[in-house]
Amino acid sequence: MTSDLHERSSDEEDTPLAQSGKRRRAAQVTIDEEYDTEDGEYNSDIALSQVSENLNGKTTPEVEEPPKRVRRKVKNETPKKKTTRKLKKIKVESSPKKLTTPKSEEDKSVKEEEDEQEDDGGYKWWEAEKEDDTIKWTTLKHNGVIFPPAYEPLPSHVKLYYDGKPVDLPPKAEEVAGFYAALLQSDHTKNPVFQRNFFDDFLEVLKECGGTLNGIEIKVFSKCDFNKMFEYYELQKEQRKQLSSQEKKQLRLEKEKLEEPYKFCELDGRKEQVGNFRIEPPGLFRGRGAHPKTGKLKRRVYPEDVVLNLDNEAPIPPLPEGQNWGEIRHDNTVQWLAMWRENISNSFKYVRFAANSSLNGLSDFKKFEKARQLKDHIDPIRKDYTKNLKSKIMLERQKSVAIYLIDVFALRAGGEKSEDEADTVGCCSLRYEHVTLKPPTTVIFDFLGKDSIRFYQEVEVDKQVFKNLAIFKRPPKQPGHQLFDRLDPSILNKHLQHYMPGLTAKVFRTYNASKTMQDQLDLIPNEGTVAEKLLKYNAANRTVAILCNHQRSVTKTHAQSVQKASDKIRELEWQKIRLKKAILQLDKKQMKERPKFFEEVEDITKEDEMAIHKRIIEREVEKCHKKFARDNDKRKFENMELLKESDLKEWLDKVEEQRLNFEQELKTGVVELKMASTVEKLDKQIEKLDQRIQNSAIQLRDKEENSQVSLGTSKINYIDPRLSVVFCKKYGVPIEKIFTKSLREKFKWAVESVDENWRF
DNA sequence: CTGGCTACTTAGGACAACTGAC
DNA sequence: GTCAGTTGTCCTAAGTAGCCAG
């Protein structure tokens with residue numbers, strides 16, 4: 001058999017359509033038909049040479065077409081107006097009584113949050129027995145949503161400038177310009193796509209409201225100057241910061257009072273917290289990664305856009321005169337209170353219960369129970385996919401490899417994406433260029449995953465997986481082509497259902513994350529201080545985060561703070577050595593008695609010492625200046641006599657004296673301590689320093705290792721909270737050290753239901 | 001089947017609040 | 001008390017997945 005027997009014959013275009021059409025025929029095609037093999041193992045010699053060609057492919061780029069990105073069918077090619085299932089306007093008849101919270105609000109002027117928890121937390125759903133899970137509630141009452149405040153036009157002296165001239169914008173357009181101005185210092189505004197999308201939408205809004213008010217015609221983005229607007233916002237921010245703490249408190253209280261009615265709802269007669277009761281304010285869409293729509297105007301949402309969901313007896317939240325809700329629904333099979341359609345990708349946004357709500361808790365519990373259940377099925381699944389790596393049917397091989405990748409490297413399912421989203425992939429949507437093969441069995445993954453976070457891993461894989469990946473990459477496939485051209489998440493999930501009802505690709509991530517955590521926790525000895533145990537818990541957490549590729553961007557100040565910390569350690573070490581020298585000065589015999597102890601005295605070079613001296617002196621000088629400035633500020637305020645320059649000089653002289661001492665010390669090697677001391681006292685000090693050095697070193701290492709890893713996501717979504725609870729109970733670590741207040745509430749079901757023998 | 005809807009889960013960054021060293 | 005650095009919360013984007021009509 002030769003290459004023209006490949007399923008994809010050469011005359012077929014590699015259009016997205018052709019690609020997706022091919023999938024349909026996939027099932028019938030066997031490996032035998034496709035590849036010249038007897039046992040389902042394809043001829044690795046041929047394939048490997050092809051592979052390495054691609055690999056060493058530094059040669060190929062010149063020859064090949066630049067990798068084109070072939071995507072599957074484009075959704076919404078023509079953004080056709082959806083069959084407008086027009087939101088029925090239901091006339092609000094019922095008197096819009098305000099929802100009274102179960103207990104009288106006046107009882108407590110200052111709300112005690114902990115107490116608040118007590119009375120609604122009485123219901124322990126995890127101890128109740130619920131049968132039907134398609135019905136989420138029988139009664140649901142709430143007060144609707146908070147709309148963002150109306151736009152307040154800028155004062156007349158703050159304007160957009162066009163080509164150097166002030167522009168009078170109609171409020172609606174000014175608002176949009178303001179959205180951009182506010183972001184002037186962010187990275188978004190440096191992105192040309194963002195600029196263009198913003199500008200297009202801005203012009204459109206401007207046109208809608210009839211153009212500028214002073215006849216200036218805005219045409220070119222580059223002539224727009226948003227600085228005056230930006231400065232105004234900065235000023236406002238500054239002023240807000242300057243408010244006295246009293247005023248700030250006042251504002252906080254007012255906000256609190258306004259929000260109070262929306263924070264809670266009543267579900268089956270119980271008080272529950274609402275999550276995002278604030279409608280998202282208008283602004284510029286900030287898509288992540290290379291999002292084609294980033295910068296577009298996210299339009300304001302009005303009551304007419306909002307669908308409310310509550311029970312049919314529930315009072316309908318009132319609206320200002322003349323305004324109406326888009327629709328009132330009574331759908332008790334869903335867990336949302338309100339929703340609206342956003343204009344960027346035409347999808348829905350939901351107002352839902354808070355993380356600590358019973359319904360969300362229940363879903364969470366079920367999620368982890370499902371993942372735990374996978375424990376009992378994982379062995380046959382692994383056995384199966386290992387076996388099927390050699391299946392004669394292409395589809396089967398792709399399935400097996402996909403499940404292997406999802407299981408072993410915790411890849412996401414990887415659904416199809418449309419052309420107007422950022423180009424990110426998961427397992428099923430991996431393309432040729434995302435996987436590089438390095439014989440014999442090394443694979444390099446390099447692609448952008450969810451949120452355009454880079455997934456880069458060089459890993460060893462099963463031999464047969466390697467071979468299969470080589471097959472999936474075989475010509476005529478080239479960059480831009482799907483690796484798993486027979487697969488999508490729904491095919492995969494359907495396959496997985498056979499092993500276990502409800503099993504889907506994402507369950508593997510939960511399972512492997514929690515399993516890994518359990519294994520890591522098992523390795524931690526029950527000894528040492530709480531701080532030490534905590535450190536080990538975090539290390540375990542980190543293992544999971546790395547498995548799931550949970551990253552965060554390093555802070556701007558990271559390098560600096562690492563530098564600072566390591567400088568501090570060096571300084572401590574220097575101090576220690578200095579003390580050891582002092583010991584030797586006191587008693588020369590010590591060297592013979594404890595040669596090991598004094599070994600490190602030689603470790604420090606003159607240059608090191610000089611650098612440390614310099615740092616200390618610089619710091620001291622700076623301190624003097626700062627203190628001088630601060631003291632005088634204070635004195636000015638209190639109408640006291642100011643410190644004179646001579647006072648500052650006096651301080652600085654002292655520092656200079658110290659500098660000279662250091663210089664002397666460096667020259668002679670003789671350490672002069674401030675106080676007379678004994679060998680014993682110095683030993684004690686050294687011991688303390690050692691401890692401090694160790695602690696600082698651990699902290700530094702932790703900081704380094706955590707700088708790119710985000711622990712939160714796995715803690716919140718992947719690690720069964722019961723693992724953490726058991727850990728705390730068993731190891732005597734207070735749960736507050738691991739779960740913040742809101743996490744303790746979210747995971748209340750776990751905190752209260754588990755004994756210390758529980759295992760994932 | 002497939003594609004489009006719909007609902008729900010997972011995600012990182014912005015920003016506010018807190019904390020500990022000085 | 002002040003400041004810098006850290007931690008916790010909020011915000012909303014971006015995934016997964018089930019369902020249903022054609």
Side-chain angles (χ1 to χ4, degrees), chain A residues 20-21 23-24 27 72-76 80 82-83 85 136 183 186-188 237 240-241 248 252 275-281 283 285-289 291 293-294 298 309 331 333-336 339 341-342 344-350 352-355 359-360 363-364 367 412-418 421-422 424-429 449-453 488-494 496-497 502-507 509-510 513 548-553 555 557-558 560-561 564-565 619 623 626-627 630 633-634 699 703 706 710-714 716-718 739-743:
Chain A
S20 82
R23 184 181 305 138
R24 234 160 295 153
R72 276 184 273 151
K73 227 186 245 143
V74 183
K75 259 190 244 167
N76 307 331
K80 251 190 295 195
K82 283 240 357 275
T83 40
R85 196 193 301 161
K136 313 284 187 169
L183 295 174
S186 73
D187 286 341
H188 294 292
K237 236 191 253 170
R240 237 169 297 142
K241 237 191 260 171
K248 280 184 191 161
R252 234 195 355 258
N276 52 331
F277 47 83
R278 263 183 294 265
I279 295 283
E280 292 175 19
F285 173 67
R286 283 128 108 156
R288 306 192 182 145
H291 199 298
K293 294 197 170 179
T294 193
K298 202 169 98 169
N309 192 31
D331 184 350
T333 66
V334 294
Q335 336 190 12
W336 51 265
M339 74 165 187
R341 197 186 275 282
E342 51 90 42
I344 299 296
S345 49
N346 210 236
S347 63
F348 292 129
K349 299 272 189 169
Y350 297 89
R352 303 170 43 92
F353 294 95
L359 282 175
N360 285 347
S363 319
D364 236 23
K367 171 184 80 183
R412 295 189 182 82
E416 185 184 13
K417 295 195 75 187
S418 84
E421 295 174 274
T424 62
V425 299
C427 183
C428 294
S429 48
K450 181 175 177 180
D451 293 307
S452 293
I453 295 294
D488 66 27
S490 88
I491 294 174
L492 209 55
N493 287 338
K494 254 175 221 130
L496 291 171
Q497 312 277 320
L503 182 60
T504 61
K506 81 191 267 285
V507 179
R509 264 168 85 83
T510 315
C548 296
N549 200 41
H550 291 145
Q551 300 187 18
R552 60 172 180 172
S553 53
T555 59
T557 53
H558 173 71
Q560 193 188 352
S561 83
K564 226 174 182 173
R619 207 168 53 210
K623 249 194 227 163
K626 265 197 184 154
K627 185 173 161 52
R630 206 171 44 223
D633 274 355
K634 205 154 122 197
Q699 273 175 19
K703 178 183 267 183
N706 272 344
S710 160
L711 302 188
T713 306
S714 49
I716 294 170
N717 298 303
Y718 287 104
F739 288 156
T740 63
K741 181 159 173 268
S742 46
L743 277 190

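We name chains A, B, ... by the order of the sequence lines, and we start the count at 1 in each one. Computed from a predicted model, the values in this text were never measured in an experiment.
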Are any of [X]'s side-chain N or O atoms less than 4.0 Å away from OP1 or OP2 of [N]?
| X | N | value |
| --- | --- | --- |
| A:K367 | B:dT10 | yes |
| A:R341 | B:dA7 | no |
| A:R278 | C:dC10 | no |
| A:K450 | C:dA13 | no |
| A:R286 | C:dA13 | no |
| A:K298 | C:dA13 | yes |
| A:K703 | C:dT6 | yes |
| A:S553 | B:dG13 | yes |
| A:T504 | C:dT16 | no |
| A:H291 | C:dA14 | yes |
| A:S561 | C:dG5 | no |
| A:H550 | B:dA11 | yes |
| A:T713 | B:dG12 | yes |
| A:T424 | C:dG15 | yes |

> By ring pair (Phe, Tyr, Trp, His ring centres under 6.0 Å), which residues pair with A:Y350, not counting sequence neighbours?
Replying inline: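 Checked A:Y350 against ring pair (Phe, Tyr, Trp, His ring centres under 6.0 Å); matches are A:W336.
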Closest to side chain of [X], choosing from [options]:
| X | options | answer |
| --- | --- | --- |
| A:N717 | C:dT16, C:dG15, B:dA11 | B:dA11 |
| A:K349 | C:dT12, B:dC8, B:dA11 | C:dT12 |
| A:A505 | B:dC8, C:dA17, C:dT9 | C:dA17 |
| A:Y718 | B:dT10, B:dC8, C:dC11 | B:dT10 |
| A:E280 | C:dA14, C:dA17, C:dT12 | C:dT12 |
| A:N360 | C:dA4, B:dT9, C:dA13 | B:dT9 |
| A:T740 | C:dG8, B:dC8, C:dG15 | C:dG8 |
| A:N276 | B:dT10, B:dA7, C:dT12 | C:dT12 |

> Does the side chain of A:N706 reach to within under 4.5 Å of the side chain of A:R552, using non-hydrogen atoms?
Replying inline: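 Answer yes - side chains close enough.
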> B:dT9 base to A:K506 side chain: any donor-acceptor pair below 3.5 Å?
Replying inline: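 Such a pair does not exist between side chain and base.
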Classify the nucleic acid contact of [X] as base, sugar-phosphate or nothing, counting any heavy atom under 4.0 Å across all strands shown.
| X | value |
| --- | --- |
| A:G287 | sugar-phosphate |
| A:Q497 | sugar-phosphate |
| A:R288 | base |
| A:I344 | nothing |
| A:S363 | sugar-phosphate |

>> I want to confirm an ordering. Mapping A:C427 and A:L743 to their closest nucleotides on DNA chain C, which one lands closer to the 5' end?
In response: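 First, find each residue's nearest nucleotide; the 5'-ward one identifies A:L743.
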>> On DNA chain C, compare the nucleotides closest to A:L503 and A:K564; which residue's is nearer the 5' end?
In response: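 The residue closer to the strand's 5' end, by nearest nucleotide, is A:K564.
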> Which sits closer to the 5' end of DNA chain B, A:R509 or A:F348, going by the nucleotide each is nearest to?
Replying inline: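 Nearest nucleotide further toward 5': that of A:F348.
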> If you pin A:R252 and A:M339 to their nearest nucleotides in DNA chain B, which one's is more 5'?
Replying inline: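 Result of the comparison: A:M339.
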Taking all atoms of both residues into account, what is the closest heavy-atom pair of [X] and [Y], and its distance?
| X | Y | result |
| --- | --- | --- |
| A:Q335 | A:L359 | OE1-CB, 3.2 Å |
| A:A505 | A:A413 | CB-CB, 3.8 Å |
| A:K703 | A:S561 | NZ-OG, 3.2 Å |

> Using a distance-only test with no angle check, is there a side-chain donor-acceptor pair under 3.5 angstrom linking A:E342 and A:S347?
Replying inline: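 Yes, because at least one side-chain N or O of A:E342 sits under 3.5 Å from a partner of the opposite role on A:S347.
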Measure the distance from [atom1] on [X] to [atom2] on [N] and round it to the nearest whole Å.
| X | N | atom1 | atom2 | value |
| --- | --- | --- | --- | --- |
| A:D364 | B:dT9 | CG | P | 8 Å |
| A:K494 | C:dC19 | NZ | P | 11 Å |
| A:D451 | B:dT9 | CG | C1' | 12 Å |
| A:R552 | C:dG8 | CZ | P | 12 Å |
| A:K241 | B:dA17 | NZ | P | 13 Å |
| A:F353 | B:dC8 | CZ | P | 10 Å |
| A:I716 | B:dG12 | CD1 | P | 10 Å |
| A:K417 | B:dG4 | NZ | C1' | 17 Å |

> With A:K298, which of A:R286, A:E280, A:K293 fulfils side-chain contact (heavy atoms from CB on, under 4.5 Å)?
Replying inline: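 Testing each of A:R286, A:E280, A:K293 against A:K298, the sole residue satisfying side-chain contact (heavy atoms from CB on, under 4.5 Å) is A:E280.
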>> Would the distance check show the side chain of A:D488 and the main-chain N or O of A:S490 forming a donor-acceptor pair, the cut-off being under 3.5 Å?
In response: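 It does hold such a pair.
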